[in-house]
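Taking it in order: structure first as structure tokens, then the write-up.
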Amino acid sequence: MRQPIVAGNWKMYGDRASSAKLVDAIVAGLDDKTARVQVLVCPPAVLIPHVAAKIRDTEVGLGGQNLSEHDGGAYTGEISGSMLADAGCTYCIVGHSERRAYYGESSALVAAKFDAAQRNGLIPILCVGESLDEREADRTESVIAGQLDAVLAETGVAAFASAVVAYEPVWAIGTGRTAAPEQAQEVHLFIRQRIASSSRSVAEGLRLLYGGSVKPENAEGLFAQDDIDGGLIGGASLKADQFLEVCAACMNVHGASR
Ligand code: PEP
């Protein structure tokens, strides 16, 4: 049975006052409509302790947006997995397309970060996805296979038993353009089959999230697909009412179980 997840990626937005307001509203709005869904927030690193204090004793989980591949040392400006765990995180996003595109993170580096997250007791949320050019050149599957295979080569398939994969087509992130549910499902199935070629049981238990302009209006259609177990939400996670509606849509679809 795969527990659905809705994770909010706050990106580089907010301060202590606005994040307190946002997280308080999320906590207040969660009820039995969202009970089976693991709800996560991933604030900017400096806000993590502040948000951690706010969600203590609630069902809301906490994740980092990025981490170093190193566990400690002379790496100015970096944050290690153990620091995130110590601050209260249980998850960490790795390989978000913005990090791949703007900070030159290669699939090999992303694989090292995935491993670093797990070494430090964090569940990595591995982001994979193709650009518009790659999709138009019919390279979606080969791009995603390459991104997955880099991690499989570093960690082995067993590591995916305690990981989450988020399919985020680059052309849908922050653009208002969402993949059609069937388009997203096709790629999710491809990801599950790719993992299944190494381990069927790991693939069956692996939670696959969709990310890319998910909003209350399109969430249910996406989450209803067989291989979509929740979402990684950017813009709509910064508005409590929208985020809560997305969580409720996930619960509507996955309420019974999968
Ligand atoms: C994201 O930041 O991972 C994301 C999916 O953003 P948005 O929902 O705004 O497209």
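In each ligand, atom 1 is the first atom listed, and ligand 1 is the first ligand listed.
Short contacts between ligand 1 and Gly212, defined as distances under 4.0 Å to a heavy atom of the residue, involve ligand atoms 5 (C), 10 (O). Using a 4.0 Å cut-off to heavy atoms of Gly174, the atoms of ligand 1 that qualify are 7 (P), 9 (O), 10 (O).
Between Gly235 and ligand 1, at least one pair of N/O atoms sits closer than 3.5 Å. In terms of polar-atom proximity, Lys11 is counted as a contact of ligand 1, with an N or O under 3.5 Å from an N or O of the ligand. Taking any N or O of Gly211, backbone or side chain, none lies under 3.5 Å from an N or O belonging to ligand 1.
Looking at atom 8 (O) of ligand 1, its nearest protein heavy atom turns out to be Gly234 N, 2.9 Å. At the top of the distance list for atom 1 (C) of ligand 1, counting protein heavy atoms only, stands His96 NE2, 3.3 Å.
The cluster map of Ile, Leu, Val, Met, Phe, Trp and Tyr, joined by side-chain heavy atoms under 4.5 Å apart, puts Ile123 and Leu152 in different clusters. Hydrophobic clustering (ILVMFWY, side-chain heavy atoms < 4.5 Å, transitive): Ile233 and Tyr210 are in one cluster.
When all heavy atoms are compared, the tightest approach of Pro44 to Gln65 is N-NE2, 3.4 Å. Between Val253 and Ala224, the closest heavy-atom pair is CG1-CA, 3.4 Å.
Considering Gln185, Arg207, Gln193 in turn, Gln185 is the only one that fulfils the side chain to side chain donor-acceptor pair (under 3.5 Å) rule with Asp227.
Using the six-membered ring where Trp is involved, Tyr75 and His70 have ring planes that are parallel, under 30° apart on the 30 and 60° scheme.
Within the 4.0 Å heavy-atom cutoff, Gly231 does not count among the residues contacting ligand 1. Proximity of Ser213 to ligand 1 is established by a heavy-atom distance of less than 4.0 Å.
Taken to the nearest 0.5 Å, the OH atom of Tyr167 stands 13.5 Å off from the CG atom of Leu209. To the nearest 0.5 Å, atoms CD1 (Ile55) and CG (Asp24) are separated by 11.0 Å.
Of the options Glu168, Glu98, Gln65, the smallest heavy-atom separation from atom 3 (O) of ligand 1 is shown by Glu168.
Of all the heavy atoms of Asn9, the ones lying under 4.0 Å from any atom of ligand 1 belong exclusively to the side chain. For Ala172, every heavy-atom contact with ligand 1 shorter than 4.0 Å involves the backbone, none the side chain.
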